[in-house]
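One structure below.
Start at 1 and go down the list; that is how both ligands and their atoms are numbered.
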Amino acid sequence: MLLGSGGRENALAWSLSRSACIDELVAAPGNPGIAELAEIVACDIEDPTGVAGLVRRARFDLVVVGPEAPLVAGVADAVRDAGVPVFGPSRAAARIEGSKSYAKALMERAQIPTAAWRTFADPDEATAYLDEIGPPYVIKADGLAAGKGVVVTAERDEAVRAVKERLVEHRFGAAGASIVIEEFLDGEEASLIAFSDGSHVVACEPAQDYKRALDGDAGPNTGGMGSYSPVPACPPALVEQIVREVIEPLVRQTAAEDAPFVGALYAGLALTSKGPKVIEFNARFGDPETQALLPRLRSDLGEVALAAATGSFGPDTKLEWSPDPCVTVVLASGGYPGPHQTGHEISGLNAASVLEKVVVFHSGTRREGDRVVTSGGRVLAVSAMGDSFAAARARAYRAAGMIEFEGKHLRGDIARRAEQNEGSL
Ligand code: AMP
Ligand code: GLY
């Protein structure tokens with residue numbers, strides 16, 4: 001059983017439906033893309049008791065949790081208590097994502113390289129600290145804010161406004177009751193996701209996410225406007241260093257503190273001149289990184305997830321990847337991440353989906369009769385493979401261009417730098 005309803009879960013469903021060890025895939029609450037791959041059941045996925053009851057009654061053999069909210073609510077604990085293997089961390093382990101100040105303190109205890117930081121609940125103290133450290137400023141809501149709680153700016157006015165919005169106007173509710181202000185990290189970003197069985201880890205290949213809404217990394221932060229994998233700026237030796245200095249220490253530390261991490265551990269990294277430093281940890285797969293990773297995965301996702309959920313990684317557990325790159329372009333509603341309209345009919349889905357080496361994942365869509373309409377900020381993620389970044393990009397953008405809905409917005413520069421650097425790989 002797969003929990004979730006976004007593009008990441010559509011990609012997980014796509015991979016799980018190809019697994020040789022899965023006969024039947026059920027998803028809740030799913031979306032129209034997932035419904036083509038799994039049986040949909042209705043269920044409040046943030047209610048631990050309800051999910052555990054359903055899982056027990058239906059005798060599911062494995063539960064895979066996609067998004068963070070059920071994890072932070074304790075759904076994995078309830079399913080595990082019901083005696084069913086679950087791919088996803090306990091509520092205690094999910095705090096690495098649910099609370100930025102908890103994650104920072106944990107990184108300090110495990111000596112994991114990350115930006116210097118302080119946490120504040122008082123707006124005047126926060127503003128005084130901004131003036132102490134100077135620009136560029138990085139201000140984050142402490143709790144979960146769907147990737148939108150972070151402001152990075154060189155402008156003092158904007159930084160002070162960000163503090164006020166969180167600590168005075170409570171724009172992010174409880175998630176912004178306290179904030180973290182941290183050192184600005186320079187350098188290219190990469191996301192490294194690793195499977196953990198609680199004590200052993202197996203890393204995926206790296207991916208890169210595009211957080212800003214507009215081309216050239218302009219505009220506000222979003223949940224992610226596109227991605228690609230692998231990452232030329234993060235070659236295998238650097239991946240090994242990140243596993244050694246970031247992933248393994250985190251898994252060791254959580255295990256030592258009685259909150260072993262089982263599931264997908266996501267490290268968002270800045271590749272600085274002083275080595276990789278953690279920007280954030282997430283307790284789940286990335287969205288849209290997963291949409292660019294899973295089309296490249298040659299190993300059986302069901303097998304790996306079950307082995308992780310049952311603590312049975314061996315020394316030989318490895319992941320096999322296609323050497324071909326994958327490029328993912330997100331189609332968003334006009335105005336996202338701000339206010340946006342929904343309910344617009346989507347055309348061209350079938351024509352785009354049948355293109356060779358293209359998969360179209362649904363993020364924010366809804367079925368209305370025989371039409372599929374937009375229902376969220378990020379609507380679709382179009383992934384394409386190719387034997388080069390140039391080929392994968394061309395395919396992804398061709399497919400993205402075949403799909404239309406009112407207000408459609410996409411970035412035109414996803415993986416452009418990877419394509420330009422291709423000659424030097
Ligand atoms: P987060 O939600 O913590 O991942 O932050 C969202 C985005 O803000 C990151 O992907 C970065 O692009 C940017 N960001 C966050 N923290 C920093 C930092 N310390 N230095 C520079 N950029 C950052
Ligand atoms: N793409 C960033 C995230 O999933 O948090």
I'd like to check which ligand 2 atoms, numbered from 1 as shown, lie under 4.0 Å from a non-hydrogen atom of [X].
X	value
N282	3 (C), 5 (O)
G223	1 (N), 2 (C)
Y266	1 (N), 2 (C), 3 (C)
G286	4 (O)
D209	1 (N), 2 (C)

Check this for me, if you would: do [X] and [Y] make a salt bridge, where the nitrogen-to-carboxylate-oxygen distance has to be below 4.0 angstrom?
X	Y	result
K274	D186	no
K100	E182	no
E320	R298	no
K140	E280	no
E169	K164	no

Validation row, ring centre [X] to ring centre [Y] under 6.0 Å:
X	Y	value
Y266	F285	no
Y129	F120	yes
F195	F313	no

E404: partners by side chain to side chain contact (heavy atoms under 4.5 Å, CB included), with sequence neighbours left out
S347, K408
Pick one of side chain, backbone, both or neither for how D186 approaches ligand 1, counting any non-hydrogen atom pair under 4.0 Å.
neither
Could you list which atoms of ligand 1 come closer than 4.0 Å to a heavy atom of [X]?
X	value
L185	18 (C), 19 (N), 20 (N), 21 (C)
E183	18 (C), 19 (N), 20 (N)
E182	16 (N), 17 (C), 18 (C), 19 (N)
K140	3 (O), 15 (C), 16 (N)
V152	8 (O), 13 (C), 14 (N), 23 (C)
F184	20 (N), 21 (C)

Would G224 count as a contact residue for ligand 2, given that I'm defining contact as a non-hydrogen atom of the residue lying under 4.0 Å from a ligand atom?
no
Is there a heavy atom in S227 that sits closer than 4.0 Å to ligand 2?
no
Polar-atom distance check: A115 versus ligand 1, any N or O pair below 3.5 Å?
no
Just to check, does K100 reach to within less than 4.0 Å of ligand 1 when the distance is taken from its heavy atoms?
yes
Given [options], identify the one with the heavy atom nearest to [atom].
atom	options	result
atom 3 (C) of ligand 2	R284, K211, R8	R284
atom 11 (C) of ligand 1	E189, E280, K211	E189
atom 17 (C) of ligand 1	V138, I181, T114	V138

Exercise: do E188 and Q208 side chains pair donor with acceptor under 3.5 Å:
yes
Modelled atom types, side-chain donor and acceptor of Q291 and T328, under 3.5 Å:
no
